[in-house]
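Note sheet for the following structure.
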Amino acid sequence: MTSFRLALIQLAVTASKSDNLARATKFVREAATNGAKIVALPECFNSPYGTKYFPTYAEKIPGQSTEALSSAAKDNNIFLIGGSIPEEDEGTLYNTCMVFGPDGHMLAKHRKVHLFDIDIPGKIRFQESETLSPGNSFSCFDTADCKVGVGICYDIRFAELGQVYADKGCKLIVYPGAFNMTTGPAHWELLQRARALDNQLYVATVSPARDDSAGYVAWGHSTVVSPWGDVLATTDHQEAIVYADIDMKRVEEVREQIPVRRQKRKDLYEVVSKG
Ligand SMILES: O=C(O)CCC(=O)C(=O)O
């Protein structure tokens, strides 16, 4: 089989962790019922997004969220990219995405590699490094159809990470994310299309739904982009499931037609993976 259905759950995240877990589980079931084989949740799907919330909502892996996600993957026979949660490990906090296979086993654990520290005067200042530490590894997993790479939100701004995943054989990169009302309209779709085009693979981003009363207002607009760089499926800012049928043949076609990957001048430059 060279094609499969991907579902992105743009969850309306609340302050109640148990409610977030229950509603995420319900939407995973709905997505699987509608034929999805890979389902993805948003960044910080079980907690409000903000440095002051991370210590309170943080949990160990395995823990409550691990169990809920593992069961949701197994019960629905799907691959589940579990958005991200604030993780606590030996007193250190991370922004971590767990991935589960259809048998409920954890296949990958991606700790956000690039922390979101920005300062745009008069608009937004956010310093994840006030409470979080970065991860130090790449995270890919295999399905019967393709290898999938995982990044979290700000990770999408780093073209080198996307290229490393492409070089490792990934044909889909999924970024659970939560852009905001300043950088969302400016960069969210542009970055996905850029990463898709420079690596000639599928890129998906999955955001929480927008809550205008939250301290951090998410942009929404969960989206799937094709290896050609066009938007295959998207939504606005409300709670929704976004579906896209991913066709592996399209990756090969685009790579054949515009063979930039084999035209790289490795004698002049190179991206080297150290992980
Ligand atoms: O890069 C951006 O503009 C937003 C990043 C972000 O919200 C995050 O990393 O959580």
Side-chain angles (χ1 to χ4, degrees), residues 8-13 15 20 24 40-58 65 81-87 92-98 109-139 149-162 165 173-196 198 203-223 225 234-237:
L8 311 177
I9 297 177
Q10 185 163 293
L11 188 73
V13 175
N20 294 327
L41 291 165
E43 182 180 29
C44 251
F45 82 94
N46 73 357
S47 133
Y49 185 71
T51 49
K52 69 175 180 195
Y53 299 108
F54 298 147
T56 317
Y57 284 77
S65 300
I81 300 171
S84 79
I85 66 164
E87 177 203 357
T92 302
L93 301 182
Y94 303 94
N95 186 341
T96 304
C97 174
M98 294 175 272
K109 188 173 87 170
H110 183 75
R111 289 174 169 164
K112 189 176 194 171
V113 170
H114 304 92
L115 293 183
F116 175 42
D117 285 358
I118 67 165
D119 190 357
I120 306 172
K123 300 284 188 190
I124 176 171
R125 179 177 187 279
F126 200 98
Q127 303 288 311
E128 269 189 325
S129 62
E130 284 169 357
T131 51
L132 300 184
S133 295
N136 294 318
S137 54
F138 304 111
S139 307
V150 179
I152 300 177
C153 206
Y154 201 58
D155 282 339
I156 199 172
R157 289 190 180 270
F158 298 84
E160 296 86 348
L161 180 65
Y165 281 146
I173 307 177
V174 179
Y175 297 93
F179 270 40
N180 52 73
M181 301 301 287
T182 299
T183 61
H187 299 153
W188 173 253
E189 183 183 305
L190 180 61
L191 283 164
Q192 300 168 56
R193 297 183 68 195
R195 295 297 81 82
D198 45 42
V203 172
T205 52
V206 50
S207 169
R210 187 177 308 162
D211 172 1
D212 287 306
S213 69
Y216 181 94
V217 181
W219 171 238
H221 294 258
S222 301
T223 296
V225 174
T234 191
T235 188
D236 59 13
H237 56 270

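Whatever order the structure lists them in is the order used to number ligands and atoms, beginning at 1. It should be emphasised that the depicted structure is a prediction, and the values quoted were computed from it without experimental measurement.
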Shortest non-hydrogen separation from I152 to N95 and the atoms involved: CD1-O, 3.3 Å
Under 4.0 Å from a heavy atom of T183: which atoms of ligand 1 are those, numbered in the order shown and with their elements? 2 (C), 3 (O), 4 (C)
Smallest separation among heavy atoms of P42 and S207, with atom names: CB-C, 3.3 Å
Taking only non-hydrogen atoms of A178 and a 4.0 Å limit, the atoms of ligand 1 in range are 6 (C), 7 (O)
Roughly how far apart are H221 NE2 and E189 CD, rounded to 0.5 Å? 9.5 Å
Indicate the atoms forming the closest heavy-atom contact of V206 with W188, along with that distance. N-CH2, 4.3 Å
Taking 4.0 angstrom as the limit and counting only heavy atoms of E43, give me the atoms of ligand 1 inside it, by number and element. 8 (C), 10 (O)
Short N/O distance, under 3.5 Å, between Y49 and ligand 1? yes
Please confirm whether R157 approaches ligand 1 to less than 4.0 Å, judged on its heavy atoms. yes
For the residue pair Y154 and F158, does the interplanar ring angle fall in the parallel (under 30°), tilted (30 to 60°) or perpendicular (over 60°) class? perpendicular
Residues E130 and R125 bridged, charged N to O under 4.0 Å: yes
Heavy atom of the protein closest to atom 6 (C) of ligand 1 (residue, atom name, distance): C153 SG, 3.0 Å
Answer yes or no: does an N/O atom from N180 fall short of 3.5 Å to an N/O atom of ligand 1? no
Any atoms of ligand 1 less than 4.0 Å from a non-hydrogen atom of K112? List them with their elements. 8 (C), 9 (O), 10 (O)
Relative to ligand 1, is W188 under 4.0 angstrom through side chain, backbone, both or neither, heavy atoms considered? neither
Mind telling me whether F126 and F116 have parallel, tilted or perpendicular rings, with 30° and 60° as the class edges? parallel
Under 4.0 Å, heavy-atom basis, I'd like to know which part of F126 is in contact with ligand 1: side chain, backbone, both or neither. neither
